[in-house]
Amino acid sequence: MSVAYLSAEAASGAETDRYARCIAASKRVRWDIDADVIRGRRFDLDHKFLPDGLSRVDELSFLSADEQRFLSRVQGRTYANMFGLVERFIGAKVLECSRDHWLGDQTALEALVRFGDEELKHQELFRRIERMMAEVMPEGYSFAWQPNEIAGVVLGKSTWAVLALTLHIELFTQSHFRESIEPDAALSPLFKDVLLYHWREEHQHAVLDELEWRRYDAGISPSVREMAVDEFIELVGAVDGILQAQAESDAGYFMRMLGRKLQPSEASAVRESLLAAYRWQYILSGARHPHFRTVLSELTTESQRARIAAALTGLA
Ligand SMILES: [Fe+2]
Ligand SMILES: [Fe+2]
């Protein structure tokens, strides 16, 4: 047996251990939508849905505290809808990646099947939450994106690009919770629990995203990777297109429901603040996540990272 063969076996064993730890974590934190998360509760209008650290509503000083709370609920509803949206393509991509393990590492296969199962449950949770938020919010809110249509576009890009986007999403989910959601005492206890339980199952997802991204990356040529970097940039641009339209829609809804007319400069500030908040929530907080930057720097060249950085510059 050659030394090279031995080291390949050792590497594969170490990877299997990482997949096995994800299975163990998945079993340990497993939760139920009704029994653990919702527990018969409903939303009320006394609380914010998103913390100021994510919503930035505290920067709009011409809004009253009540109005800021309402704007945070609009953003929280969009947050639930956005996760319902992205988890459609994440679940499908994970199941697609699992094909490579069907007749191989059964531990990796189990970890990815559990991942896919959890994302199906998360989508159901966010659909339930959307309906419960609609019950307590005035009519007229719109989130027109169709998860299957968006997933069709995203899944048309290379696996490298989709896994990069997915790792970025699943890492920012965690940093949002730890840095902004968990420490905020003014949040809706129900929505906080939704994001707490969601976060608990996202940790192992990010580990699996990275394992799969590295595995896929190891099997492609530099020219394929070069195109994949461009596709990743296109995906970030597509996300930004959704954010621009949703920020406009949410700003319009907020101002129609406000019960008073804002000055033109204040209306512009609401629109700009919403877009800046959404770009932070869904793009920049992930792109700047230290672990995302570490993995990206290990898988890309300096000029590829410069192209990605240039694409992000206009969003900050
Ligand atoms: Fe999820
Ligand atoms: Fe996830």
Side-chain angles (χ1 to χ4, degrees), residues 18-19 21-34 36-38 49-50 54 76-98 108-130 132-133 143 145 147-148 150-151 154-155 159 161-178 180-182 190-216 235 239 242 281-283 285-287 289 291-292 295:
R18 295 195 72 192
Y19 285 109
R21 283 200 293 276
C22 289
I23 295 171
S26 164
K27 289 179 177 171
R28 194 169 58 243
V29 302
R30 179 100 188 147
W31 44 262
D32 177 82
I33 291 175
D34 282 298
D36 299 308
V37 186
I38 298 180
F49 286 168
L50 278 192
L54 292 176
R77 190 165 170 187
T78 289
Y79 198 81
N81 277 310
M82 281 294 288
F83 276 97
L85 189 73
V86 298
E87 296 197 336
R88 184 66 52 89
F89 73 73
I90 292 174
K93 177 52 75 177
V94 163
L95 293 178
E96 189 189 305
C97 288
S98 81
L109 178 60
E110 182 181 347
L112 293 179
V113 167
R114 296 186 75 96
F115 182 165
D117 176 55
E118 285 157 4
E119 293 298 24
L120 286 169
K121 180 178 66 177
H122 297 178
Q123 289 175 62
E124 169 61 15
L125 171 64
F126 288 119
R127 281 194 296 271
R128 291 273 302 276
I129 291 303
E130 154 59 29
M132 291 168 66
M133 286 177 169
F143 188 90
W145 313 101
N148 286 341
I150 301 294
V154 173
L155 296 171
T159 293
V162 179
L163 289 175
L165 186 69
T166 302
L167 177 63
H168 141 281
I169 291 169
E170 302 206 294
L171 286 173
F172 77 55
T173 308
Q174 296 175 54
S175 58
H176 290 182
F177 186 78
R178 280 196 314 267
S180 304
I181 295 164
E182 189 175 36
L190 172 53
F191 198 45
K192 200 168 184 173
D193 273 349
V194 168
L195 301 175
L196 164 69
Y197 281 92
H198 185 238
W199 167 74
R200 283 182 179 165
E201 286 186 343
E202 287 300 313
H203 178 74
Q204 66 263 21
H205 292 184
V207 174
L208 292 168
D209 296 334
E210 182 183 338
L211 279 167
E212 290 301 300
W213 190 19
R214 287 182 184 279
R215 185 179 65 77
Y216 186 83
L235 284 176
V239 172
I242 292 174
Q281 289 165 31
Y282 303 107
I283 298 177
S285 61
H289 191 288
H291 192 63
F292 182 75
V295 181

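Order of appearance sets the numbers: ligands from 1, and atoms from 1 within every ligand. Both backbone and side-chain heavy atoms feed into the values below; hydrogens, waters and symmetry mates do not.
Taking CG from L195 and CG from L50, the interatomic distance works out to 7.5 Å, rounded to the nearest 0.5 Å.
You'll find the side chain of Y79 reaches within 4.5 Å of the side chain of H176, heavy atoms only.
Between K121 and E124, none of the side-chain N atoms (NZ, or NE/NH1/NH2) sits under 4.0 Å from a carboxylate O, so this pair counts as no salt bridge.
Note on the Fe ion (ligand 2): protein N, O or S atoms under 2.8 Å away count 5, no waters included.
Ring planes of H198 and F126: perpendicular class, angle over 60° (limits at 30 and 60°).
The backbone N or O of E87 sits nowhere less than 3.5 Å from a side-chain atom of E119 that would complete a donor-acceptor pair. Under the 3.5 Å distance criterion, the side-chain polar atoms of D36 are matched with a main-chain donor or acceptor of D32.
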